[in-house]
Amino acid sequence: MSDLHWKTAISKVKPNSISLRGYSVDRLMGNTSFAQAVYLALKGKMPTSEQGLLLDAILVSSIDHGAGPPSVLAARTAASTGAPMNAAVAAGVLAINRFHGGAIEEAMILFRNVVLKTRESGNDIRKAADEALTELKNAGQRASGFGHRVHSRDPRTVRLFELADELNIAGEYVAAARAVEQALAESTGKILPINVDGAVAALLCEMDIPPEIGNAFFIIPRVAGLVAHVREEQTRMRPMR
């Protein structure tokens, strides 16, 4: 094979045939949800029906949050200059970083650390949460996935955890998130509820998603929201706002 051909285990394309992780794409169409296909592409296997339902809810939870978030401002600003759809949406995606949309990965690492400490020490999860937060504080870092500039009780978190309970997916990582929430309240004297990023992080941990791709579960749905905002900017607003 020529050195110009790139190899991948993700998909295989032949004349009149396209497969994703060994599954024929045309047979997946109409039988598999987009969330299930995302899981298949990333994990290399099909999710359970329960995981698929929860992943659908996760993708819906982050589709949009108004015109204020940096990614939307960036996309709309680019659109207002006359940038085409792809460039404006790309501008929005590039604005998704550590402090906006990047909390999922950091929260996943935190929750995995709390669960690991609990398993290794045999101590209760609340004590493990205290230890993990102390480590973050000593390193000059903060706990991601808690508090919100708008919501004192993020409705998306409430619904995601309800669904996780109904689908029997909630487990030790959701418990870790709640333990950290309690520990933060006691150590800071402030109520810092689990936000949607923290909820998504805990549930992705429950489904054994690697933290390194956790932020993708914010980026993927937010692209749809960015498209809507760019289109609105292009069709309803004056240029160069």
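By convention here, the first residue in the shown sequence is residue 1.
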Would you indicate whether the side-chain heavy atoms of [Y] and [X] approach each other to under 4.5 Å?
X      : Y      : answer
Phe218 : Val200 : no
Val114 : Leu110 : yes
Asp124 : Thr118 : no
Ile18  : Asp26  : no
Tyr23  : Thr32  : no
Ile209 : Leu42  : no
Ile96  : Asn215 : no
Lys43  : Arg21  : no

N/O donor-acceptor pair under 3.5 Å between [X] side chain and [Y] backbone:
X      : Y      : answer
Thr157 : Asn195 : yes
Asn138 : Thr134 : yes
Arg222 : Val93  : no
Glu206 : Gly171 : yes
Thr81  : Ala78  : yes
Glu172 : Val115 : no

(request) Check step by step if side chain to side chain contact (heavy atoms under 4.5 Å, CB included) holds for His229 and Asp64. (result) CA-CA 9 Å; His229 280 283; Asp64 194 58; 2.8 Å; yes

Hydrophobic clustering (ILVMFWY, side-chain heavy atoms < 4.5 Å, transitive) - are [Y] and [X] grouped together?
X      : Y      : value
Leu20  : Leu55  : no
Ile220 : Ile10  : no
Met46  : Ile58  : no
Leu54  : Phe34  : yes
Leu40  : Met207 : no

(request) May I ask you to decide whether Arg156 forms a salt bridge with Asp154, counting only side-chain N to carboxylate O separations under 4.0 Å? (result)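 So Arg156 pairs with Asp154 through a salt bridge.
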
(message) Check this for me: does any side-chain nitrogen of one of Glu232 and Arg76 sit under 4.0 Å from a carboxylate oxygen of the other?
(response)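 Yes, charged N to carboxylate O under 4.0 Å.
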
How many angstroms lie between [atom1] in [X] and [atom2] in [Y], if you round to the nearest 0.5 Å?
X      : Y      : atom1 : atom2 : value
Leu226 : Ile219 : CG    : CD1   : 10.5 Å
Lys137 : Asp130 : NZ    : CG    : 11.5 Å
Ser33  : Leu53  : OG    : CG    : 8.0 Å
Tyr39  : Leu204 : OH    : CG    : 10.5 Å
Asp197 : Ser144 : CG    : OG    : 8.5 Å

The single option from [options] passing side-chain contact (heavy atoms from CB on, under 4.5 Å) against [X]:
X      : options                : value
Ser61  : Leu203, Asp56, Leu160  : Leu160
Ser80  : Gln234, Met237, Glu233 : Glu233
Lys117 : Lys127, Glu131, Arg112 : Glu131

